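What follows is a set of notes on a single structure, which appears directly below.
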Amino acid sequence: MAGKKKSKKKKEEDLKQKSLFSYVESSKSEKMGEEEEERTLDEETEELQDISEEFEEDAEMEVEVVQDQIYGEDIIKFKKAKVKSPSEIIPIPQDLFFKGNDKPFGLKEGNIKLEKISRESVTSKYIRYLIQKGEIVQNLERGLLLDVDYDGTQNKAYCKFYDLDTGEVKIWIDTTNHEPYCLSKEPISELKKNKELIGYDGFQRFEEIKRMDLLSDKEIKMTKIYGKTPINIGGSGTNIKNILAGNDKKAWEADIRYHLNYIFDRQLIPGLIYSIENGTIKKVKFKESEDESKKITQELHNLFKDESIEIQEFSEKFLDIFLTPIPDVKRMAMDIEVNIGEHDYRVPDPRQAKQEIISISFVATDGLKRVYILEREGFTYSKPHKNFPADAEVVFYKSEKALLTETFRILWKYPIVITFNGDNFDLNYMFHRADKLKISRDLNPIHVKRGFGILSKAECDLRKGVHIDLFNFFFNRSISGYAFGGAYESSSLNAISDALLGKEKYQHEEEIHEMEYNILSWYNLKDSLLTLELTKFNSSLVWNLIILLCRITKMPIHEMVRRQISTWIQNIFYFEHRRRGFLIPRRAEISELKKGGFKKSVIEGKGFQGAYVISPVPGIHYDVVVMDFASLYPSIIKEYNLSYETVLCPHEDCKDNLLRNTPYHTCTHKMGIFAYVVGFFRDIRVKYFKPKSSDKALSEKQRNYYNTIQQALKVFINGSYGVFGSQNFPLFCLPVAESTTSIGQYSIKQTIKKSEEIGVKVLYGDTDSVFLLNPSKDQMSKLSHWSKQELDLDLEEEKTYQFLALSERKKNYVGIYKDSKYVDIKGLVAKKKNTPDFIKKVFSHLLEILKNVTNNEEFSKAKKEIIEIVRDNLKKIGKSDAFSLEDYAINIALQKSLSGYDKVIPQHVRAALELKKATGKEFQKGETVTFIKTKGGNGAKAIELASLQDIDIKKYKELLRSALEQILDALGISFDEIKGIKKMDAFF
DNA sequence: TAGAGCTGCTTACCT
DNA sequence: ACAGGTAAGCAGCTCTAT
């Protein structure tokens, strides 16, 4: 039955900490401790049939199913296919075969003749086709702006709108005559003397403009230098930027990609609704109900009425962004299966596209459920798999070319196509495979571009529609970390793409190329079902999140889903600069003016000093209250007016406005751009959307929506400090980063002082928290008030431990929550994913005992039991009947490719190299190696090659010892003491 | 020449 | 192309006692 093996008790604390996404965390932790039973195909598939109902009512379940996919632990087990004699082969019923379709599609539709243009991109050709056909949209009532890009052939920006009335994508080309440009501080008269510039082919003309220069806090005259095309401005080779640089002059805003520049200049907001009238686009004020939006507008006005003018003005600009409902759009998920040979461990190279595509599945929001299957020799089909949905259809093809062609027909039809890893695999593969099969490019809907980012080798767009690769989105560090609570961090990225091909880890089961049609079709369809479901669950949470993030970042969807938080934040600030007529500074300008570096980092080689960690008071403590500063760094940035232009501002009268614990001053005239943007996000989340998201007076749908907004905001709030502190951030300003952490250090240190003054002992603390020994309500509120008064920061009660074990180690402790008895483990070896299971088992046994301890008497009792357990387990190591080989396994991730280890070769790398040599298995960056510590040889052996006799008993005893010492230390038990008892036992 | 002692590399964690 | 601080194990080296 669906999910029967998973217990559904949720940890109260998880709920509190992770809000909506807590179920991800809890399902993961439940998985950890459990033995993974083998689920049969039946169980799995029954689950899927119920998926749609389940997703409505049971959030926990959905993600479990999804998790299997993400983790590459797709648990489907198949029986090995039997080899059949020819008489056993039943032919496929004729009516299941594709019957042909002559209707033209793609660029073949209509009788359009296009002249050849060499080196033209496939999208550019499509746009020429639309122009010729008269299908560039001139009038549109309500269009959701999805994408903005640049088209080389037209030399113009173009937009993709989702027509809310027809569900189609409409393409609009800029009609405002926007041109590429960069800026110079030289006057036109001076620039005219530059023969190279004037004579340059790509140069267009000059224009005098004014910009506010934040660094000098003055309005300055500048020259706008127009180029013919974006590549004439920046990029590589000869261009205006380089010509200026060659003459020792600088160009401003020359590195902004054209389509983004276009968005900034036109102040377009992707994700909002626009209308087009006779070629002119206009933002639609979208108001479902006048009263409702008026009320919210009023509430938000009141919220910010005491804030700075900068925040008030900025908040106005976000009304639309938050108030406009997010339309649920028509979309289709798809997935392909490729015929991979036996014993082939490599992921097929999409650019080569050597193997045939044997199956493609489609699932769409309009009810489409379909699988296209290629007929191959030796396979039979009598009826669908018993779990194959009744409303899904299978179509067989005699040729791969027809199969792919018909796939393209569907791809042209849907406005939004969802894949999981389609950039690097599915779409990329189909594009190149189509070339191989000599399918006309005019029918091919895919546009393969060069990729960027950590893992993207390619970016696959659609010429007409929009492609969203969920792999990119889900593995964005901020999305996985802040929005989904780090739930799938432990999975290697490569394992997921492998899981989609369904081969890795399933060597013992039937492989894809051996599957009968009924199994293959169901297997293939299931992936698309899940992929679409990923965008649909929780009232389209993920889709809503994607659109909200587009609106907040002002990035086109194709770019937003593929970029990291630093680019998102950069874009927000560029857009804001342009909105207010601020000059976007050059990176070097900031660093020359504001050098910083007043304190060295604790860690050698880091850019600046970070947080302060209080040395713990070792021992057992009861009734410990943890208080912490609510979003410490963002609060500091807002309250202390930290921004690249305000810290060390040029005004004489600000020079004595020193920031605490730093040699820097900050501006008293205006609020800095970092300060008001981060401040606004923080305030509106904490004071408005977070309370709304749990407001019982609202409908569930509304609460869900507000929760999505507060979750999206959290991404920016939590990510902002890290981005500001990154040397690669174009607006990086060392004194800002230093001031943030330095004021943080000051705040926590003053808090310790104050606590002790009012008679509360501080046991420990890290960055933004203090662990207080049994404080009274009165003492806590005193501390809170003092913090607000003296530090301008909110110090709040976070949690209470009935029991807390501290060792002398920082970032290392075990606490048990007072009410829920939830065991909170931080940093201990036993918690780390590279610790062998048998150690984790012993450890959790100890914790079970500690759970009930509330005072010293109970503790002494527990102590005796613990000594007993440790002694017992030490003896068991290496005994054949005690632990299994898997219990000794150590998992370590490869942070680099195998060849990248040139300084030292760690054990896990040696184990991987040995396994590669023995079996040919490839390891990629990010993948996890599972190995056993062995006597002699390498000292390590991949689990695939090891047996129980190989284990190094001495090493494992050592490991158990050091893991347990972390907690035994705190309990006041010495390991030697335990060993001593063992000896005495042996004596008597 | 084995082993002690050290430094630096590597990974995983905490906030 | 988000930050710094901490713990732990090991690789690889030099030095030293034998």
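Just so it is clear, the structure is predicted and the values come from calculations on it, not from any experiment. Chain letters run A, B, ... following the sequence lines, proteins first, then strands; residues in each count from 1. Hydrogens, waters and symmetry mates play no part in the numbers below; they use all other heavy atoms, side chains included.
- At B:dC13, none of the side-chain N or O atoms of A:K810 fall inside 4.0 Å of OP1 or OP2 (strictly under the cut-off).
- Taking the six-membered ring where the residue is Trp, A:F724 and A:F729 present tilted rings, their angle falling between 30° and 60°.
- Within 4.0 Å (heavy atoms only), A:V723 reaches at least one base atom of the nucleic acid.
- OP1 and OP2 of C:dT6 both lie 4.0 Å or more from every side-chain N or O belonging to A:K811.
- Within the nucleic acid shown, A:D766 comes within 4.0 Å of sugar-phosphate atoms alone, with no base atom in reach, counting heavy atoms only.
- Side-chain proximity of A:Q895 to B:dA12, C:dC2, C:dA8: nearest is B:dA12.
- In terms of phosphate contacts, A:K833 brings a side-chain nitrogen or oxygen within less than 4.0 Å of OP1 or OP2 of B:dC13.
- Proximity of A:H621 to A:L806: side-chain heavy atoms (C-beta onward) are separated by under 4.5 Å at one or more points.
- Heavy atoms of A:K933 sit under 4.0 angstrom from primed sugar atoms or phosphate atoms, though from no base atom.
- Nucleic acid contact for A:Y633: none, since no nucleic acid atom lies under 4.0 Å from a heavy atom of the residue.
- A:G939 comes within contact range of no nucleotide atom at all, as no heavy-atom separation falls under 4.0 Å.
- Counting any heavy atom pair closer than 4.0 Å across all strands shown, A:A737 reaches no nucleic acid atom.
- Look at A:K826 and you'll find a side-chain N or O under 4.0 angstrom from OP1 or OP2 of B:dT15.
- The residue A:Y813 sits close only to the backbone: its heavy atoms come under 4.0 Å of sugar-phosphate atoms, none of a base.
- A:Q966 comes within 4.0 angstrom of the backbone, heavy atoms only, and of no base.
- Counting any heavy atom pair closer than 4.0 Å across all strands shown, A:K955 reaches sugar-phosphate atoms only and no base atom.
- For A:R910 and C:dC10, the shortest distance from a side-chain N or O to OP1 or OP2 is not below 4.0 Å.
- Between A:Y612 and B:dC14 there is no side-chain polar atom (N or O) within less than 4.0 angstrom of OP1 or OP2.
- Nucleic acid contact class of A:F729 (heavy atoms, under 4.0 Å, all strands): none.
- Using a 4.0 Å heavy-atom cutoff across all strands shown, A:I892 reaches sugar-phosphate atoms only and no base atom.
- Counting non-hydrogen atoms under 4.0 angstrom, A:S962 reaches the backbone sugars and phosphates but no base.
- Residue A:R477 places none of its side-chain N or O atoms closer than 4.0 Å to OP1 or OP2 of C:dA1.
- Aromatic ring pairs are classed by plane angle as parallel below 30°, tilted from 30° to 60° and perpendicular above 60°; the pair A:F883 and A:F838 is tilted.
- Among the heavy atoms of the strands lying under 4.0 Å from A:G719 is at least one base atom, whether or not backbone atoms are also near.
- Between A:D952 and A:K933 no salt bridge is recorded (no basic side-chain N to carboxylate O distance below 4.0 Å).
- Side-chain nitrogen and oxygen atoms of A:S726 include none within less than 4.0 Å of the OP1 or OP2 phosphate oxygen of C:dC2.
- In summary, A:D766 and A:K811 engage in a salt bridge, as defined by a charged side-chain N under 4.0 Å from a carboxylate O.
- Residue contacts for A:G722: at a heavy-atom cut-off of 4.0 Å it reaches a base atom on one of the strands shown.
- Side-chain N/O atoms of A:H908 include none lying less than 4.0 angstrom from OP1 or OP2 on B:dT10.
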